[in-house]
Amino acid sequence: MLILECPYCGVKAEETELSPGGEAHLKRFGPGSSDADFEAYMFARKNPKGVHFERWRHAYGCGKWFLAARCTATLEVFGTYPAQSSEPPADIVAKIKAKRPEWKGFS
């Protein structure tokens with residue numbers, strides 16, 4: 001079972017208390033963008049085997065959205081951080097690099 005810690009209220013919650021929100025750190029395209037950019041934003045998502053950044057909502061707790069870095073192959077959680085972050089915190093990136101030297105970096 002996947003257990004994530006909410007960075008806002010500090011509760012360690014099982015995935016049954018959370019709602020997944022898909023891939024994190026997407027560049028949003030709206031009115032005025034090209035059809036290809038908008039289509040990619042709406043429908044194209046990464047589904048890697050390995051390190052992945054995701055959005056989660058503490059649905060049965062404080063109700064806030066947050067981001068998580070985890071390995072999709074092992075369910076290892078590297079950390080969680082506030083949803084307003086534009087990129088993962090340095091300590092989480094360091095944890096990922098220490099355990100997954102093959103990781104190419106945040107993108």
Side-chain angles (χ1 to χ4, degrees):
M1 174 145 310
L2 184 63
I3 297 176
L4 299 172
E5 183 175 346
C6 177
Y8 298 103
C9 63
V11 171
K12 289 187 178 179
E14 295 179 353
E15 62 187 298
T16 56
E17 295 182 41
L18 307 167
S19 295
E23 187 178 345
H25 303 294
L26 294 174
K27 182 176 180 191
R28 286 162 170 72
F29 291 95
S33 63
S34 71
D35 289 345
D37 285 340
F38 186 69
E39 178 186 18
Y41 164 69
M42 289 295 292
F43 303 111
R45 296 290 185 261
K46 295 177 186 172
N47 188 18
K49 181 178 181 181
V51 177
H52 191 53
F53 297 91
E54 303 168 322
R55 298 176 65 225
W56 288 87
R57 182 174 171 262
H58 194 182
Y60 293 99
C62 66
K64 294 186 178 181
W65 285 95
F66 63 92
L67 305 179
R70 71 178 184 97
C71 178
T72 58
T74 64
L75 296 184
E76 177 181 11
V77 177
F78 298 104
T80 59
Y81 52 103
Q84 295 77 17
S85 304
S86 59
E87 60 186 42
D91 62 323
I92 292 177
V93 171
K95 282 182 192 176
I96 295 168
K97 287 181 179 178
K99 292 203 173 187
R100 305 272 183 224
E102 73 281 0
W103 186 61
K104 300 293 184 215
F106 173 71
S107 58

Among Arg100, Arg70, Lys95, side chain to side chain donor-acceptor pair (under 3.5 Å) partner for Glu76: Arg100
Looking at [X] and [Y], what are the two nearest heavy atoms and their distance?
| X | Y | answer |
| --- | --- | --- |
| Thr80 | Ala68 | CG2-CB, 3.9 Å |
| Ala69 | Ile96 | CB-CD1, 4.1 Å |
| Pro82 | Pro7 | N-CG, 3.9 Å |
| Ala24 | Leu67 | CB-CD2, 3.7 Å |
| Tyr81 | Glu87 | CE1-O, 4.0 Å |
| Gln84 | Tyr8 | OE1-OH, 2.9 Å |

Path from Val93 to Val77 over hydrophobic side-chain contacts below 4.5 Å: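 No.
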same_hphob_cluster(Phe53, Leu2) at 4.5 Å side-chain heavy-atom cutoff: no
Can you tell me how far [atom2] of [Y] sits from [atom1] of [X], rounded to the nearest 0.5 angstrom?
| X | Y | atom1 | atom2 | value |
| --- | --- | --- | --- | --- |
| Ser86 | His25 | OG | NE2 | 7.5 Å |
| Tyr41 | Arg28 | OH | CZ | 4.5 Å |
| Phe66 | Cys9 | CZ | SG | 8.5 Å |
| Arg55 | Trp65 | CZ | CH2 | 4.5 Å |
| Arg57 | Cys6 | CZ | SG | 11.0 Å |

Side chain to side chain, Glu15 and Ile3, heavy atoms closer than 4.5 Å: no
Flag side-chain contact, heavy atom, 4.5 Å: Trp56 against Pro20: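 When only atoms from C-beta onward are counted, Pro20 and Trp56 do touch, with a gap below 4.5 Å.
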